[in-house]
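One structure is given below, encoded as structure tokens.
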Amino acid sequence: MALNQEITAYIKRLYPEQNPVLLHCPEFLGNEKKYLAECIDTKYVSYIGRFVSDMENKIKEISGAKYAVALVNGTAALHMLLLAVGIQPGDGVITQSLSFAATSAAIVHAQGTPVFVDVEQDTLGMSPESLKSFLKKYTEIIEGKCVNKKTGKQIKAVIPMHTFGHPVRIEEIQTLCDEYSLILIEDSAESLGSFYKKRHAGTFGKAGIFSFNGNKLATTGGGGMVITDDEAIANRVRYISTTAKRPHRWEFFHDEVGYNLRMPSINAAVGLAQLEYFDKTLENKRETAHLYQQFFASIHIKFITEPNNAKSNYWLNAILFDDRKQRDGFLEYSNENGVQTRPAWTLLHTLPPYQHCQHTDTPNAEYIADRLVNIPSSVRI
Ligand SMILES: Cc1ncc(COP(=O)(O)O)c(C=O)c1O
């Protein structure tokens, strides 16, 4: 109890202007209102107008990716991307059990079949060892394709997720993907501003995605982005998410069944303004993480820090308790006393829609799910 009180009081001191202290509250500190007014005054409120392409260009600048396509949210970005890389009904797609439900939902939206592997305790992201042992035991390469021995179906892609902004051991995952002819796609929804060996998260594989949901470092209210160096993938994502309409000044001709999932200009206007001071946001987030790190070291609670070779955006700070009972005690106390906290997601392979899916043993994911608590991480003004 004394420990719960001490942590809760510390968090309140970090965020004196918030009551209750929220997990991640957006701040609008730049040109957001001005750009929104510009949308309304110019009447460019759908995806046409300068803001969508300006925001895409800003994301290219930040991430170093050659192409960026803005969509209505991160889930849609992952869905469109999976279709664009050629996921066909029944194709296997490997991801990690500890992730937000959008990762596996997008696989199912694209009619793929999720397979879940374990995570690591330090990065909280996909474990290369778990992936390797799954591939070794359950797959074989037949005519250049990775085939699941259990189902006879092709496994086409692997989606690691950079949990809470902490980069996974992406190079080892990339090597395995190359060895097994698998397409690497990064769910970098949470990791805008995170780097692995000085290279931005989301730029290692064929493509990556970002989310600009209200709780992210930069928000558009709701929004997402596909990033890639592959022009054909970028064009395909843009095409199918813009109703698959052949460009023409007045004709409406659609080659195939498309989607209507482009980001509207109004959202991009807010996003562009947010990205204009993204460096400061990132600096502020890292400062807060540093303060938390010192505080939790002083009370002997494990605080999750950026992995080796990585620079994390510290999107959501996280601590680990000794066991589930202690975790639950803290969740109860903090939420009742004006500090919003939450546990890790329920492991995906245990959720009703995915219980039938193939998965490896997940001792690390279970360890984390029992102990982890996310604590308030908003930008401190
Ligand atoms: C890991 C992960 N993937 C995908 C998404 C989906 O993004 P959105 O909420 O923008 O649809 C999120 C959202 O927060 C996420 O955390």
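For ligands, and for the atoms within them, numbers begin at 1 and follow the listed sequence.
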**OP:** Step by step, work out the salt bridge (Lys or Arg N to Asp or Glu O under 4.0 Å) result for Arg286 and Glu283.
**Re:** CA-CA 5 Å; Arg286 289 181 58 79; Glu283 207 179 292; over 6 Å; no
Original post:
Step by step, would you call His162 with Tyr196 a ring-ring contact (aromatic ring centres under 6.0 Å, His included)?
Top reply: CA-CA 10 Å; His162 305 287; Tyr196 182 79; 8.5 Å; no
Please report which non-hydrogen protein atom sits nearest to [atom], along with the residue it belongs to and the distance in Å to one decimal place.
{"atom": "atom 14 (O) of ligand 1", "answer": "Lys216 NZ, 2.4 Å"}
{"atom": "atom 8 (P) of ligand 1", "answer": "Gly74 N, 3.4 Å"}
{"atom": "atom 12 (C) of ligand 1", "answer": "Phe100 CD2, 3.5 Å"}
{"atom": "atom 16 (O) of ligand 1", "answer": "Glu190 OE2, 2.6 Å"}
{"atom": "atom 5 (C) of ligand 1", "answer": "Ala102 CB, 3.6 Å"}
{"atom": "atom 11 (O) of ligand 1", "answer": "Thr75 OG1, 2.6 Å"}

**OP:** Answer yes or no: is there an ion pair linking Glu256 with Arg236, defined by an N-O contact shorter than 4.0 Å?
**Re:**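 Counted as a salt bridge, because a side-chain N and a carboxylate O are separated by less than 4.0 Å.
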**OP:** Looking only at distances, please establish whether an N/O atom of ligand 1 is found under 3.5 Å from an N/O atom of Ser211.
**Re:**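 Indeed, backbone or side chain, Ser211 has an N or O that close.
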**OP:** Indicate the ring-plane relationship of Tyr292 and Tyr10, choosing parallel, tilted or perpendicular according to the 30° and 60° boundaries.
**Re:**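 Because their plane-to-plane angle lies in the 30° to 60° range, the rings of Tyr292 and Tyr10 count as tilted.
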Original post:
So Trp250 and His248, would you call those rings parallel, tilted or perpendicular, with 30° and 60° as cut-offs?
Top reply: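 Ring orientation of Trp250 relative to His248: perpendicular.
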Original post:
Taking the non-hydrogen atoms of Gly223, is any one of them nearer than 4.0 angstrom to ligand 1?
Top reply: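 Yes.
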Original post:
Which bit of Asp187 is near ligand 1, meaning a heavy atom under 4.0 Å away: side chain, backbone, both or neither?
Top reply: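 Within the 4.0 Å criterion, Asp187 contacts ligand 1 through side-chain atoms alone.
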Original post:
Are His200 and Phe210 close enough, and set up right, to give a ring-ring contact (aromatic ring centres under 6.0 Å, His included), and what steps lead you there?
Top reply: CA-CA 12 Å; His200 201 289; Phe210 296 125; 5.6 Å; yes
Original post:
Can you tell me how far CZ of Phe321 sits from CG of Asp328, rounded to the nearest 0.5 angstrom?
Top reply: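 It comes to 10.0 Å.
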Subject >> Atom pair CD1/CD1 of Ile87 and Ile185 - distance to nearest 0.5 Å >> reply: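 One gets 6.0 Å once the value is rounded to the nearest 0.5 Å.
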Original post:
Any idea which atoms of ligand 1 are less than 4.0 Å away from a heavy-atom of Ala189?
Top reply: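 Counting atoms of ligand 1 from 1, those under 4.0 Å from Ala189 are 2 (C), 3 (N), 4 (C), 5 (C), 12 (C), 15 (C).
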Original post:
Which ligand 1 atoms are under 4.0 Å away from a heavy-atom of Met161?
Top reply: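 Here the atoms of ligand 1 in question are 1 (C).
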